[in-house]
Amino acid sequence: MKIIESLEKRRSYYSIGKELPVSEAQVTALVEKLAELVPDAFNMKSSRVIVALGEKQDMLWNTVYDAFGGKVAREKIDSFRAGAGTVLYFYDEAVVQALQAQFPLYAANFPGWALQSSGMLQLSVWSGLRELGVGASLQHYNPIIDKDVRALFGLPESYRLVAQMPFGSIKDEPEPKEKEDISLRVTTVR
């Protein structure tokens, strides 16, 4: 039941630092391996990932702050900038559109399937980072930052930004999760 243990440890870590308990190469290798393993409908391989480290990490969060013109508190942005890096999740609309043209009966489904694959990749990386002793959270400053992020990293127009995952050393543990009545969300039928 290691997957349950992994998911239990995966939390939103907002107090992160630049010192990692593992090498940047190990983080990158984890992201690469999980991007390879996570399934995608029709094997479309639509997910795209940027791992921003070092100076690019700082530039990214300065870009996010600037994109909002000061409407997001500097302290909040700086808490993400304080991390060792950020995983940026995209899907390539060109890949999706090519499959829509190839399989017109399923055309309306491909964007949703691309997002499903991205979600699986996000959860896998988030849990994998935690297994490495790295804390992370999932942020959604898109679509406001999309154009600026594509410019910062020299990405094609077809890359649609889905989420941002700042990560780093764990400075503080989050509060325990509240227990819920799961029967309100899960029903078993025969």
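In this text, all values refer to a predicted model and were calculated from it rather than measured experimentally. The chain is numbered in sequence order, starting from 1.
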Undergrad: Would you kindly confirm whether Val51 and Phe153 end up in one hydrophobic cluster when ILVMFWY residues are joined by side chain heavy atoms under 4.5 Å apart?
TA: no
Undergrad: Just say parallel, tilted or perpendicular for the rings of Phe80 and Trp61, cut-offs at 30° and 60°.
TA: tilted
Undergrad: Look at the side-chain heavy atoms of Ile, Leu, Val, Met, Phe, Trp and Tyr, link any pair under 4.5 Å apart, and say whether Tyr14 and Leu20 land in one connected group.
TA: no
Undergrad: Can a side-chain donor-acceptor contact be found between Tyr89 and Gln164 if the only test is distance below 3.5 angstrom?
TA: no
Undergrad: Do Ser12 and Trp126 have side chains that approach each other closer than 4.5 Å (heavy atoms only, starting at C-beta)?
TA: yes
Undergrad: So, taking the atom named CD1 in Ile3 and the one named CD in Glu5, what distance separates them when rounded to the nearest 0.5 Å?
TA: 11.0 Å
Undergrad: Going through the distances and angles, do Arg11 and Glu175 end up as a salt bridge (charged side-chain N to carboxylate O under 4.0 Å, His left out)?
TA: CA-CA 10 Å; Arg11 299 292 311 280; Glu175 294 293 320; over 6 Å; no
Undergrad: Show every ring pair (Phe, Tyr, Trp, His ring centres under 6.0 Å) that has at least one partner inside residues 158-190, sequence neighbours left out.
TA: Phe90-Tyr159
Undergrad: Counting N and O atoms only, with roles assigned by atom type, does the side chain of Lys171 sit under 3.5 Å from a partner on the main chain of Ile16, one being a donor and the other an acceptor?
TA: no
Undergrad: Of all the heavy-atom pairs spanning Ala84 and Lys18, show the shortest one and how long it is.
TA: CB-O, 3.4 Å
Undergrad: With no hydrogens and no angle check, is any side-chain donor or acceptor of Asn142 less than 3.5 Å from a backbone partner on Leu161?
TA: yes
Undergrad: Quick check for you: to the nearest 0.5 Å, what is the distance between Leu60 atom CG and Ile50 atom CD1?
TA: 10.5 Å
Undergrad: Looking only at non-hydrogen atoms, find the nearest pair between Ala136 and Met165 and report the distance.
TA: CB-CG, 3.8 Å
Undergrad: I want to check something: taking the side chain as every heavy atom from C-beta on, are Pro39 and Ser117 in contact at a cut-off of under 4.5 Å?
TA: no
Undergrad: Please determine whether residues Ile170 and Leu7 belong to a single hydrophobic cluster, defined as Ile, Leu, Val, Met, Phe, Trp and Tyr linked transitively by side-chain heavy-atom distances below 4.5 Å.
TA: no
Undergrad: Looking at Lys45, I'd like to know if its NZ atom is crowded, meaning that more than 12 non-hydrogen atoms belonging to other residues, nucleotides or ligands lie closer than 6.0 Å.
TA: no
Undergrad: What heavy-atom pair brings Ala114 and Val96 nearest, and what distance separates the two atoms?
TA: CB-CG2, 3.8 Å
Undergrad: Are Ile4 and Leu123 joined in one hydrophobic group, where the rule is that I, L, V, M, F, W and Y side chains link up if heavy atoms are under 4.5 Å apart?
TA: yes
Undergrad: Restricting to pairs with a member in residues 74-83, which pass side chain to side chain donor-acceptor pair (under 3.5 Å), not counting sequence neighbours?
TA: Asn62-Arg74, Asn62-Arg81, Arg74-Asp78
Undergrad: Would a 4.5 Å heavy-atom cut-off, applied to side chains only, mark Val87 and Val27 as touching?
TA: no
Undergrad: Is it the case that atom CD in Glu173 sees more than 12 heavy atoms from other parts of the structure closer than 6.0 Å?
TA: yes
Undergrad: Search all heavy atoms of Val134 against all heavy atoms of Gly168 and return the closest pair with its distance.
TA: CG1-O, 3.4 Å
Undergrad: State, without any angle test, whether Glu131 and Ser6 hold a side-chain donor-acceptor pair at a distance under 3.5 Å.
TA: yes
Undergrad: Please list all pairs passing the side chain to side chain donor-acceptor pair (under 3.5 Å) test where one or both residues lie in residues 92-106, with sequence neighbours left out.
TA: Asp92-Ser158
Undergrad: With rounding to the nearest 0.5 angstrom, report the CE to CG distance, Met120 to Leu115.
TA: 11.0 Å
Undergrad: With heavy-atom distances below 4.5 Å as the criterion, would you say the side chains of Leu121 and Arg48 are in contact?
TA: no
Undergrad: Considering non-hydrogen atoms only, spot the tightest contact between Leu155 and Val149 and give its length.
TA: CD1-O, 4.4 Å
Undergrad: Of Leu34, Val49, Val38, Leu138, which is the lone residue that meets side chain to side chain contact (heavy atoms under 4.5 Å, CB included) with Val125?
TA: Leu34
Undergrad: Heavy-atom distance under 4.5 Å between the side chains of Val64 and Val72, does that happen here?
TA: no
Undergrad: Report whether Leu152 and Tyr141 are members of the same hydrophobic cluster (ILVMFWY, side-chain heavy atoms less than 4.5 Å apart, transitive linking).
TA: yes
Undergrad: Hey, is the main chain of Met59 close enough, under 3.5 Å, to the side chain of Thr63 for a donor-acceptor pair?
TA: yes
Undergrad: Which pair of non-hydrogen atoms, one from Met44 and one from Val95, has the smallest distance, and what is that distance?
TA: O-CG1, 3.1 Å
Undergrad: Would you say the side chains of Ser47 and Asp40 form a donor-acceptor pair under 3.5 Å?
TA: no
Undergrad: Measure the NZ-CG distance between Lys9 and Leu129 for me, rounded to the nearest 0.5 Å.
TA: 14.0 Å
Undergrad: How long is the span from the CZ atom in Phe42 to the CH2 atom in Trp113, to the nearest 0.5 Å?
TA: 4.5 Å
Undergrad: Can you confirm whether Pro21 sits close enough to Leu132 that some side-chain heavy atom of one is under 4.5 Å from a side-chain heavy atom of the other?
TA: no
